[in-house]
Amino acid sequence: MTFEFIDIEDPTFQATCRERNEEDYVLVRCNDYASVPINLPNWTPEPVCLSRRYERIGQTIKDMEVRPDDVWIVTYPKSGTTWTQELIWLVCNELNFQQAKDVSIDARFPFIDLSGLRDLPEPFNPLRDALEMPSPRFIKSHLPPAFLPNALWTVQPKLVYVRRNPKSVAVSYYHHSVSLHCYKGTLEQFIRSMINELVYYSPYHKHLIEYSELRYPNMLSLCFEDMKQDLHSAIRQVCKFFNKTYTDDQIEQLATHLGFDHMRQNASVNRRQWIEYNLKQTDRTDKLDDNDMQFIRRGETDGWRTELSTEMIEAIDSWTLKKVPQDSKYAPFTMSSSFAIVDIDTDLSCPGASSFVEIQLNDLTDYPLASTPSPAIVPAKFRNYAQQVRDMQVHEDDVWIVTYPKCGTTWTQEMVWLIDHDLDYETARNVNLNTRSVFLEIGAIADRIPVDTVTATANLKRPRHIKSHLPLALLPRQLWTVNPKIIYVSRNPKDVAVSYLYHYQMIMGYRGTKEAFLNGLLEDRVMFCPQVKHALDFWALKNEQNVLFLTYESMKRDLRNVLPRVCDFFGKAYTDNQLDALTVHLSFDEMKKNPSTNNDQMVRSAMKMNDREGEQFEFMRKGIVGDFRNELSQEYIEKFDKFIEQQLAGMPRWTYTSSCATIMASTSFTFTDVAQESVDPDWNSQNILVQLNDLTDYPLDATLNPPGPMFVSAKYRNYAQHVRDFQVYEDDVWIVTFPKSGTTWTEEMVWLINHGLDYKTARDIKLNTRSTFIEFGAIADRHSINTIDVASNSERPRQIKSHLLLPLLPRQLWTVKPRIIYVARNPKDVAVSYFHHCQVLVGYRGEKEAFFDNMLNDRVTFCPMIPHVLNFWSLKDEPNVLFLTYESMKRDLRGLLPRVCRFLNKSYTDAQLDELAAHLSFSEMKKNPATNKEETVRNALQLNNREGEHFDFMRKGIVGDYRNEMPEEYIKRFDQFEAEQTAGSDFKFDYE
């Protein structure tokens, strides 16, 4: 038996079928399906909801003759069938508009299964018409594959399948069933029946999946939403499928004919006679003028929003996810609109947004990235606007400002608006920024804002300035085809976290704990998350001509130098004086006191609604880079650092994709914890590798000398960005070395030459005060002093010492170009001297050999040792860099002094230089308390319980003394280490 007819046992159906006019509904199982070429393993077709009348025609259709020149269109009902029928018929019939007008679509394209659903008046019999129709035939059906003619799978004529999102189908099918099938239930009742697979042709999802899995090379799959979005492209797709060629004018004529209004007024396709006949037969003539009683009713992609309750939307989404999980390959075919939307539980709800959903783009049409879109967190209200935003019309003269929240959005909006509007300060003062630069989705996310800002934005007078916090995947798809100007701004996640918390509390009304909010960010469960991915997606587009990628930090660091770049992006030119004035206008203090930009009224209204009147809050709060250090605990700083590293994991490090990645990730670095086994558990126990990722202003060729990681105390992760952003002055003098390379000696020499040989001050004031060790407080666990601030606040001209690897030094060193003196020393003498230094001053109690092993493995503070030297050797010819060696200073310091004087633009007599050479002799330096750091040594010995032991900071200073302390085995290992590390370089260490 080909078909089984099964009574529906669902109790709700049995109780209501009579009153809803569903008495003839039955489940029909087809047992003759072996010939269907389908890719589903162990496939057995499910029963389909049809009418008992189907028994009249089912076998006839199964046995129907199929011809090679047939054209079949199959859809689930209300998926754009009639529209596509008219398109196909005209494409295949040389655009014969006259015949299409004179002959109804039902006569040209018979619906063969219709008489299996309802009793039809004579002589109307579409199945008979199809069987008797001369070739080529055009045939329509809503049947699933198992019910179609067996011959279809062997003859394989052209077959077109059209799909449509389930929410639109559900609403349209309800109205269709009311007008043509006399359905008497409510919209909600109909949708419940559809979810229970108890409306004609259900199950819906199986219908789509089975057609998507057919092994049928002569089939074209179309999507209603794509056709609505770009009908011309759909027409060309159909023409190609049917091997037809038409001119652009003809395609335009066809598109006009297929326009919604034209189709609705076209009597040959709108089946008005059927609607009128049915309404008269059922005594509903009062409905003749009802807009919902039209066969072609609205034809909208998102009309369901105005008809479905939130409960019904969620029910359809849950049904779809149950039938087709969002990671399924069928998800793009079946998801409502273009998205998968799932409710989430959260403790971050607030009056501004009471519930949240996770939303993921499934339709990748025009998606500009190769990576798969990540799910995003938005308020549940947005589910009703997601498709509307996606389908929003974009214009070429639009300007879009996109950021994650609290990344300098308002600042950028004001800057961009003024640059794009000829510095019209008058309008900028008199018209609120929110009016000049509209927040696209605010009305689509905020529960207490009833305004449809999406529609309002769409209707703005051009050219439009539009702001959004939406992740890339949720923005309008036309952004990636129309290509308007897009400015993206990123900011470090830790500063964002603090600023967003205050905003969330005061503006959104959040009353939860600080920890819950921070944990939400770390779990990507706060509105507009995922945070780091938000920035990385736009970083991947930074080389597109219509995209300008900025960072909050770069704007704070030097806005005046950012402005010309923004002007160039907009094709605008302003004088230096105009840009100076704009810089002042955009300063934090000016922006903060400007009512047009500081959102005073909005803040007052929000705080009143949140019962926080009387509390102090300003929309523009502090704007300080790195202020998170004053607000986040060390625990959360470390959690965020780890979170950032995880988000960037797996990115190729020296491609543009990676070098940029951590610009967005906050600081400009990657930090990696180092689990190191040590013979001394109190030493080297908490260390990290810190590596520069932001190559802005990096002075070396990164393809030849990429920044390597430096080994340092874990404490330094909280200071790395502070050092990188350190303000450098042209009159600074920097002394940079790897430890124990003659640093103190060089500091004293340089300070005296640069200060008129002022021996009195040099004796009275310790060298550490005259020449600040910038990173000391950032690496020394037992010292709380912030030496970065000490250096920053030192009286100019400043002398600053550092042992940091070149990539970790302030980036302004390479643009401001102060004088830099670098001193290198041979690694074996360094290793021995550094061992004694770490014993006394750092508290190392391990064996000498273990220390040497750590040096050879680059696991001692400030390592790697040899790249430290080679980086500066690459800059030795720069006019502001003086490269010295410890050995040359030991060999002939007096002969070297004139070179140093010339570098510092100083001139002294021979007698003065003789005196300076004597002052700088090892014996004099060693007995000078200001340079031999006696107090530092005493304090360190006391801290390390080594009081009574003797140690001089300046110990021996003999070139080659390593031979007296380093075992022969280690000499050979250091020789090999040095040879390997310097291979390919023209630099050779000096051992004489």
Side-chain angles (χ1 to χ4, degrees), residues 728-737 740-774 776 787 790-791 793-803 813 816-825 872 876 878-937 952-957 959:
V728 174
Y729 298 108
E730 192 175 359
D731 57 357
D732 285 346
V733 176
W734 288 68
I735 293 97
V736 184
T737 71
K740 311 314 294 179
S741 296
T743 324
T744 302
W745 194 16
T746 307
E747 287 178 274
E748 182 76 351
M749 172 182 68
V750 169
W751 190 90
L752 283 165
I753 290 173
N754 217 24
H755 288 80
L757 306 181
D758 183 356
Y759 295 108
K760 183 179 188 309
T761 301
R763 280 191 296 271
D764 295 343
I765 299 178
K766 289 182 291 186
L767 182 59
N768 289 344
T769 303
R770 293 181 276 126
S771 185
T772 306
F773 184 3
I774 185 170
F776 177 74
T787 48
V790 171
N793 297 325
S794 294
E795 183 179 352
R796 293 172 58 184
R798 305 175 304 187
Q799 181 166 308
I800 299 171
K801 151 192 167 179
S802 179
H803 294 314
L813 281 177
V816 176
K817 297 185 180 298
R819 288 179 173 82
I820 303 171
I821 296 93
Y822 187 88
V823 187
R825 188 183 186 187
F872 271 94
K876 71 182 189 310
E878 294 295 317
N880 69 309
V881 175
L882 177 63
F883 189 98
L884 304 174
T885 69
Y886 180 90
E887 290 77 14
S888 66
M889 292 169 67
K890 286 292 290 183
R891 189 164 49 246
D892 184 6
L893 178 63
R894 176 61 181 80
L896 192 69
L897 289 177
R899 183 180 168 202
V900 180
C901 290
R902 286 193 299 273
F903 180 72
L904 296 171
N905 285 330
K906 298 292 182 180
S907 177
Y908 297 104
T909 65
D910 286 345
Q912 288 174 310
L913 293 182
D914 291 342
E915 183 182 10
L916 177 59
H919 175 85
L920 295 171
S921 67
F922 187 80
S923 58
E924 288 297 315
M925 290 280 287
K926 188 169 182 176
K927 64 186 181 184
N928 182 350
T931 56
N932 198 25
K933 303 182 180 179
E934 294 175 354
E935 184 179 349
T936 299
V937 171
D952 290 310
F953 186 83
M954 304 190 76
R955 202 175 53 87
K956 288 185 179 180
V959 174

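Any value given below was found using the heavy atoms of this structure, including those in side chains, with hydrogens, waters and symmetry copies removed. Here the structure is a predicted model, which means the values were calculated and not measured.
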*Asks:* What's the separation between atom NZ in K801 and atom OG1 in T737, rounded to the nearest 0.5 Å?
*Replies:*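 If I round to the nearest 0.5 Å, the distance is 7.0 Å.
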*Asks:* Return the minimal non-hydrogen interatomic distance between R770 and I765, and the atom names on each side.
*Replies:*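 Looking at all heavy atoms of both residues, the closest pair is NE-O, 2.8 Å.
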*Asks:* Look up atom OG in S771 and atom NZ in K766, then write down how far apart they are to the nearest 0.5 Å.
*Replies:*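 Reported to 0.5 Å precision, the distance equals 14.0 Å.
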*Asks:* Should we count CD of E878 as having more than 12 external heavy atoms under 6.0 Å?
*Replies:*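 Enclosed: over 12 neighbouring heavy atoms sit under 6.0 Å from CD of E878.
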*Asks:* Quick one, T761 and H755 - any side-chain contact, counting heavy atoms below 4.5 Å?
*Replies:*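 They are not in side-chain contact.
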*Asks:* Between Q799 and V750, what is the shortest heavy-atom contact and its length?
*Replies:*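 Smallest heavy-atom distance, with atoms named: OE1-CG1, 3.5 Å.
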*Asks:* Would you check if the side chain of N880 reaches a backbone N or O of R819 as a donor-acceptor pair within less than 3.5 Å?
*Replies:*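 No, N880 side chain to R819 backbone: no donor-acceptor pair under 3.5 Å.
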*Asks:* So, taking the atom named OG in S794 and the one named CD1 in I800, what distance separates them when rounded to the nearest 0.5 Å?
*Replies:*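 Taking OG in S794 and CD1 in I800, the distance rounds to 6.5 Å.
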*Asks:* If you round to the nearest 0.5 Å, how far is CG of L884 from CZ of R825?
*Replies:*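 Reported value, rounded in 0.5 Å steps: 14.5 Å.
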*Asks:* Consider side-chain hydrogen bond (donor to acceptor under 3.5 Å, both in side chains). Of D732, T772, N793, which one does R798 pass it with?
*Replies:*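 Between R798 and the candidates, side-chain hydrogen bond (donor to acceptor under 3.5 Å, both in side chains) is satisfied uniquely by D732.
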*Asks:* Should D914 and R894 count as an ion pair when the cut-off is N to O under 4.0 Å?
*Replies:*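 Yes, charged N to carboxylate O under 4.0 Å.
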*Asks:* Would you call the rings of Y886 and W745 parallel, tilted or perpendicular, taking 30° and 60° as the class edges?
*Replies:*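 Correct class here is perpendicular.
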*Asks:* Just do the side chain to side chain donor-acceptor pair (under 3.5 Å) check on Q912 and T909 with the steps written out, would you?
*Replies:* CA-CA 5 Å; Q912 288 174 310; T909 65; 3.3 Å; yes
*Asks:* With distance as the sole criterion, is a donor-acceptor pair present between the side chains of T743 and T746 under 3.5 Å?
*Replies:*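 No - no donor-acceptor pair under 3.5 Å links their side chains.
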*Asks:* With rounding to the nearest 0.5 Å, note down the distance linking CD1 in I735 to CZ in F773.
*Replies:*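 Output value for this atom pair is 12.5 Å.
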*Asks:* If you take all heavy atoms of F883 and R899, which pair is closest and at what distance?
*Replies:*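 Closest approach of F883 to R899: O-NH2, 3.3 Å.
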*Asks:* In Å and rounded to the nearest 0.5 Å, what is the CG to CZ distance from L882 to F872?
*Replies:*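 Rounded to the nearest 0.5 Å, the CG-CZ separation comes out at 12.0 Å.
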